[in-house]
Amino acid sequence: MTSHEEIRQRVFDRADRHTDLLRRGLEASFEDVDTFQEWVAERLDLLGASTERFTLSRGMLTDQPAFRDRLEHDPESVRLGTNVVGRFPGRTDATTVLFAHADKAPVSYEHVAAGHGVDVEGDRLVGPGIADDISGVTATIGALETLAQGGWEPATSVLVASIFGKQLGVGGTYGLVRQYGPADAAVYAHPAESGRGLNDLKVGSNGLYEFVIELEGEQPPTSEMHHPLYAHQGVNPVDATGTITGRLHDWADTLAEQHPHAGVERAAGASAGLLVSDVQVDDGDRAVYQMPRECTVRAAVAFPPGVSLETVERDVRQTVTEAAAETGVPQVAVHPGDHVADSAEAPTDTLPVETATDAIETVTGDAPEFYYGHTASDIRYPMQYWGAPTVGFGPQAGAMGDPDEWIDSEEYLETIGAIAAFLVDFTPDA
């Protein structure tokens, strides 16, 4: 029997214990994030980890691109809290980072308050926040417990992080890569957003650029309060949005054609995409027959690994400026929104990706496909800041954010086994 087979058998022989650990962790998370993080720290301490905690200040987030507008105008809305990191020794001086996020969607707490709880019987394990991402945290603990009790030693030292990952990871994952590392590899324990569970190994994170276009029009030169008859003498900023967004769609199509990415195209049908999300005008007391003075457009573009955030931001500004000039609007401004992230990917021929692929295949019986369909994933951080190949995987899951959020019970156990197998096998010095 191979070590992977022994690990899988040990995990499944102790299925009740792993399920109970998940149940207890989920119940702790129902209180608040701090309660859950203290529970995590206690579990890591019991396993012999050297455990640390860190909390970011909002002032520490100004060197990264996400949520900058909110940090300036509504800083308290950026959620921060305690991040927990445990250190375990290994057979070599190399380092592997395991991470998952402890914070949940705020609506999860509303579901708990409404009476929804945990159900860990049957083929699905159910509970608010179980998939996103309490099960990821408990799976990393379960994997290390499996190795310790089975007599296996990780090939590398291991850094286990239960961090803030919502709001694009600025409250935790960003701090993790700035305050620790660099590492040789990283594994993000999180159910696949594709819904395909362990059939997908996440190796790429598409970039995201939210932007806001502010247009100022020109009132018609008339003292008449009813403007339809005189509208052609002014400049309606709402009319200008059609030209501008049309140009942006053309630009996004060109971006996809000029930077084809086979993995992203396989997942989404195109390498880049633009979504115009909202168009607002200066309502106030303005009547329908009066010309709008201002108009604001909100949009977001997703772009593939290999294209930089700097390039996208420059092209968006240039496209908007040129299109706006054709419309005659006297003033136009473009600035980034809160949801901003650069792209990243792990080359599939790197040892961490190959080791993760083999670990999942030997534990589940099926080799995963490389998945590139997710945008602004936390796997981008170790790659961007450490240059560490990073993968993400987890059990099949569904109904994220709903009262009956769930994960597949068998794949949860296989996730524990795959993480443990990865830790035993990944030896970058080999």
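Note that the structure is predicted; figures quoted are calculated from it, not measured. Values reported hereafter were calculated over all heavy atoms of this structure, with side chains retained and with hydrogens, waters and symmetry mates removed.
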Novice: Is a side-chain donor-acceptor pair under 3.5 Å present for Tyr381 with Thr390?
Specialist: no
Novice: Give a yes-or-no answer on whether the side chains of Tyr385 and Gln64 include a donor-acceptor pair shorter than 3.5 Å.
Specialist: no
Novice: Keeping Gln396 on the side-chain end and Glu411 on the backbone end, is there a donor-acceptor pair under 3.5 Å?
Specialist: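 The answer is no, because no donor-acceptor pair under 3.5 Å joins these two groups.
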Novice: Can you see whether Trp251 has Arg247 sitting over its ring - NZ or CZ less than 6.0 Å from the centre and within 45° of the normal?
Specialist: no
Novice: For Leu22 versus Ile130, what's the shortest heavy-atom pair and its separation?
Specialist: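 Closest approach of Leu22 to Ile130, heavy atoms only: CD2-CD1, 3.9 Å.
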Novice: CZ of Arg91: more than 12 outside heavy atoms within 6.0 angstrom?
Specialist: yes
Novice: By side-chain contact (heavy atoms from CB on, under 4.5 Å), which residues pair with Asp13, not counting sequence neighbours?
Specialist: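 Checked Asp13 against side-chain contact (heavy atoms from CB on, under 4.5 Å); matches are Gln9.
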Novice: Kindly give the heavy-atom pair with the smallest separation between Gln167 and Ser77, and that separation in Å.
Specialist: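 Scanning both residues, the minimum pair turns out to be NE2-O, 3.2 Å.
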Novice: Run the ring-centre check on Tyr209 versus His339 and record whether the distance is less than 6.0 Å.
Specialist: no
Novice: Is any NZ, NE, NH1 or NH2 atom of the basic residue among Glu410 and Arg8 found under 4.0 Å from an Asp or Glu carboxylate oxygen of the other?
Specialist: yes
Novice: Are more than 12 heavy atoms from other residues, nucleotides or ligands located less than 6.0 Å from atom CZ of Arg317?
Specialist: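 Yes, CZ of Arg317 has more than 12 neighbouring heavy atoms, counting only those of other groups under 6.0 Å.
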Novice: Which heavy atom of Val329 sits nearest to which heavy atom of Pro237, and what is that distance?
Specialist: CG1-CA, 4.4 Å
Novice: Using every non-hydrogen atom in the two residues, find where His101 and Val137 come nearest and quote the distance to one decimal.
Specialist: O-CG2, 3.8 Å
Novice: Assess the side chains of Thr95 and Thr156: does a donor N or O sit below 3.5 Å from an acceptor N or O?
Specialist: no
Novice: Nearest 0.5 angstrom please: Tyr412 OH to Trp406 CH2, how far?
Specialist: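 Reported to 0.5 Å precision, the distance equals 15.5 Å.
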Novice: For Asp278, look at atom CG and say whether over 12 heavy atoms of other residues, nucleotides or ligands are found less than 6.0 Å away.
Specialist: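 Count over threshold, so yes.
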Novice: Of the non-hydrogen atoms in Glu405 and Ala131, which two are nearest, and what is the gap between them?
Specialist: OE2-N, 2.8 Å
Novice: Verify, without hydrogens or angle tests, whether Asn206 (side chain) and His374 (backbone) share a donor-acceptor contact under 3.5 angstrom.
Specialist: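 Confirmed, Asn206 side chain pairs with His374 backbone.
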Novice: Quick one: sort the His116 and His111 rings into parallel, tilted or perpendicular, breaks at 30° and 60°.
Specialist: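 Plane angle over 60°, so perpendicular.
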Novice: Measuring from Thr140:OG1 to Leu159:CG, what's the distance to the nearest 0.5 Å?
Specialist: 11.0 Å
Novice: Salt bridge or not for Lys166 and Asp132, using N-O below 4.0 Å?
Specialist: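 A salt bridge is present here (some side-chain N lies under 4.0 Å from a carboxylate O).
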Novice: Please tell me whether Thr355 and Asp425 have a donor and an acceptor in their side chains that are separated by less than 3.5 angstrom.
Specialist: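 Not at all, the side chains of Thr355 and Asp425 share no donor-acceptor pair under 3.5 Å.
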Novice: Can you tell me if Asp32 and Thr35 form a side-chain donor-acceptor pair at under 3.5 Å?
Specialist: yes
Novice: Taking atom types as modelled, is there a side-chain donor on Glu214 or His335 under 3.5 Å from an acceptor on the other?
Specialist: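 Distance-only check passes for Glu214 and His335.
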Novice: Does the plane of the ring in Phe36 sit parallel, tilted or perpendicular to the ring in Trp39? Use 30° and 60° as the thresholds.
Specialist: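 Plane angle under 30°, so parallel.
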